[in-house]
Amino acid sequence: MVTQNTVSKKTYTGAQIIVQTLKNLGVDTIFGYPGGVVLSIYDELFKQNDIKHYLVRHEQAAVHAAEGYARVTGKCGVVLVTSGPGAANTVSGIANAYMDGYPLVVLTGQVFKNLIGTDAFQEINIVDITKTCTKAGYQVTDIKTLESSLKDAFHCALSGKRGPVVVDIAKNVFSEQTSLQPSIKYEDNKKLPYDYEIQDILNEIISASKPVVVTGGGLIHSRSNKELHEFVKSLNLPVVTTMMGIGSFPQNDENYIGMIGIFGQNSANETLRNSDLILSFGARFNDRITCCFKKEELSKKFIQIDINPEEISRVIPAYKSINSDIKYVLEKLNEIINNNNYTTNYTKWLEEIRTYKKSDIKREPISNKLQSYEVIQAIYKYTKDMEPIVTTEVGQHQLWTAQNFKFNTCGKFLTSGGSGTMGFGLPAAIGASIGTKKQPVICIAGDGSIQMNEQELATCVDYELPVKIFIMNNGYLGMVRQLQQKGFNERYSQTKISNPDFIKLANAYGIKAERVNNSSEINEALNRAFSVNEPYIIDFIIEPFEVV
């Protein structure tokens, strides 16, 4: 439902309306890259101080940075780019945010209204291009719909399962004039589950012999880690997570078993396989998980809680489900438990789970060269009291981080899950650093994926962002090489890569850097990296043929 107030009589240009509306919506940060079509907006940004614009070096990086900002702040990330190639360069970032469910509004310039559809210079139909990876897309060709389209876009991005929205604005709109529209308020009409539905699910859990809680990215979105912890401890339940759910439950807690899926812990997969009830909080169960199980192992008693109605029974048929915000459901579960004397005894089940731990792979060095797990474990041990935000690029190093770095606080692990986008980690770290300001931010990267957006080192320098970049350098596109090792009889086609000298590259940008070749050098290098309040790169030369 929409309510309206009185109309303002003062007139504004479209460019002024955009900036004023963004202010009214609480926006204080924009990531972008200018171009001819959107210069009117940039001119208005120049005239004010309430919104800070961060200039990146590539439009894809602007979107990843906005997502990193959204992940750590809970706000909507905002991107501003020009038409044509500027808009097209945002697609990978938009798809990434869509798959992992983070709110963005991407403002793109468009050619004049009368030129749309004529293949005009730098014209591209970005709304149609991104239809499959956005929650919504708006093309504004008339100033009268500009303000309402912006407000609708933010409401859409932030409601339900969050995600990216594109607002494409024709150039003529920026100079047209109109008055500001009445203020629009969106009432929260979301349907809440009945108490009896929640009670029914609790009864199923209590009556089960071998229940397990699975948490995914949805639980982190709902910021209900405290409610989850109370619920799990009150019933003494085992917890496993998807990769996107890492950090939703403290990994140093005795009830935490591990990460499920093809690169997860055997003990976590065995716990899921042998349970008699699966309680899923915001987990999508994509193919990286389901490939590890027979269908009947997941569908016996699958109880699903998810804010996205389309997710219910999409992959696994739900025995019972609740389409709701996870935080509300957990609050209600805890309220019912606290008001009643429920007793559970999962001692035998938890003892059985502990025996699964014996099947977890114990990492051993495969050569006398530096091993990835040595590096990741050393970084974790050094930084655990700092509770840093950790972003990753995509590849072996991403999974080594998920396996060896312990996250005991919610929202500290920023990685590209659903899309697996190389080039995500560094700009995401930039956005996270801007969003958190004082909190340490680490980017763990591979030597291949860091080169996707290495130009953003300039952004780190320009805005004095103390991001620490740790490169796992094995001279290969390691994840692909690993697949070739077994699946293609070691025919390493196009996966051995040449790299720049990362130390010289860092120095060219004015960033301090050093190289580490053995484990005895790690701590001293980390000391130097964290002793300065500025960007720092450590190039770790690791064993080339180590596998995940």
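Along the sequence shown, residues are numbered consecutively beginning with 1.
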Set of salt bridge (Lys or Arg N to Asp or Glu O under 4.0 Å) partners for Lys47, sequence neighbours left out: Asp43, Glu44
Just how far is it from atom SG of Cys443 to atom CD1 of Ile471, taken to the nearest 0.5 Å? 8.5 Å
Drop me the distance from Ile260's CD1 to Ile289's CD1, to the nearest 0.5 angstrom. 4.0 Å
Residue pairs involving residues 441-466 (criterion ring pair (Phe, Tyr, Trp, His ring centres under 6.0 Å); sequence neighbours excluded): Tyr54-Tyr463
Report all side-chain donor-acceptor pairs from residues 426-442 shorter than 3.5 Å, counting only partners two or more places apart or in another chain.
from: Thr436; atom 1: OG1; to: Ala432; atom 2: O; distance (Å): 2.8
from: Gln439; atom 1: NE2; to: Glu387; atom 2: O; distance (Å): 3.2

Measure across Lys135 and Arg162 and return the closest heavy-atom pair with its distance rounded to 0.1 Å. CD-C, 3.9 Å
Phe413: ring pair (Phe, Tyr, Trp, His ring centres under 6.0 Å) partners, not counting sequence neighbours: Phe407
Those residues at least two apart in sequence (or on a different chain) that pass ring pair (Phe, Tyr, Trp, His ring centres under 6.0 Å) with Tyr373 are none
Contacts satisfying salt bridge (charged side-chain N to carboxylate O under 4.0 Å, His left out) that involve residues 21-37 (not counting sequence neighbours) are Lys23-Asp50, Asp28-Lys75
Less than 4.0 Å between a side-chain N and a carboxylate O, is that true for Arg71 and Asp100? yes
Can you name the residues that form a ring pair (Phe, Tyr, Trp, His ring centres under 6.0 Å) with Phe174, not counting sequence neighbours? none
Enumerate the ring pair (Phe, Tyr, Trp, His ring centres under 6.0 Å) contacts for residues 434-453, please, sequence neighbours excluded, ordered by first and then second residue. none
Between Tyr382 and Phe530, ring centroids under 6.0 Å: yes
Say you draw a straight line from CG of Asn89 to NE2 of His58; how long is it, rounded to the nearest 0.5 Å? 4.0 Å
Judged by modelled atom types alone, do Glu546 and Ser372 share a side-chain donor-acceptor pair under 3.5 Å? yes
Going by atom types only, do Ser83 and Gln110 share a side-chain donor-acceptor pair under 3.5 Å? no
Under 3.5 Å, is there a donor-acceptor pair linking the side chains of Asp253 and His229? yes
Are His64 and Phe31 an aromatic pair, judged by ring center distance below 6.0 Å? no
Under 3.5 Å, is there a donor on one side chain and an acceptor on the other for Asp360 and Gln265? no
Under the salt bridge (charged side-chain N to carboxylate O under 4.0 Å, His left out) definition, can you give me all pairs with a residue in residues 55-66, not counting sequence neighbours? Arg57-Asp462
Between Asn225 and Ser248: side-chain donor-acceptor atoms closer than 3.5 Å: no
Taking atom types as modelled, is there a side-chain donor on Ser493 or Gln484 under 3.5 Å from an acceptor on the other? no
Residues which pass side-chain hydrogen bond (donor to acceptor under 3.5 Å, both in side chains) with Asn255, listed by chain and number, not counting sequence neighbours: Lys233, Asn236
Can you tell me if Asn96 and Thr421 form a side-chain donor-acceptor pair at under 3.5 Å? yes
May I ask you to check whether Gln20 and Asn24 show a side-chain donor-acceptor distance below 3.5 Å? yes
Measure the spacing between CG of Leu483 and OH of Tyr492 and express it to the nearest 0.5 Å. 11.0 Å
Residue pairs meeting side chain to side chain donor-acceptor pair (under 3.5 Å), one or both in residues 468-478, sequence neighbours left out, come to Gln396-Asn474, Asn473-Asn499, Asn473-Asp539
Can you check side-chain contact (heavy atoms from CB on, under 4.5 Å) on Ile522 and Ile538, steps first, answer last? CA-CA 9 Å; Ile522 296 175; Ile538 302 179; over 6 Å; no
Would you say the side chains of Glu524 and Asn527 form a donor-acceptor pair under 3.5 Å? no
Once rounded to the nearest 0.5 Å, what's the spacing between atom CE of Met259 and atom CD1 of Ile246? 5.0 Å
Are Thr401 and Thr392 close enough that a side-chain donor and a side-chain acceptor fall under 3.5 Å? no
For Tyr33, which residues count as a ring pair (Phe, Tyr, Trp, His ring centres under 6.0 Å) partner, sequence neighbours excluded? none
Measure the NE2-CZ distance between His221 and Arg223 for me, rounded to the nearest 0.5 Å. 10.0 Å
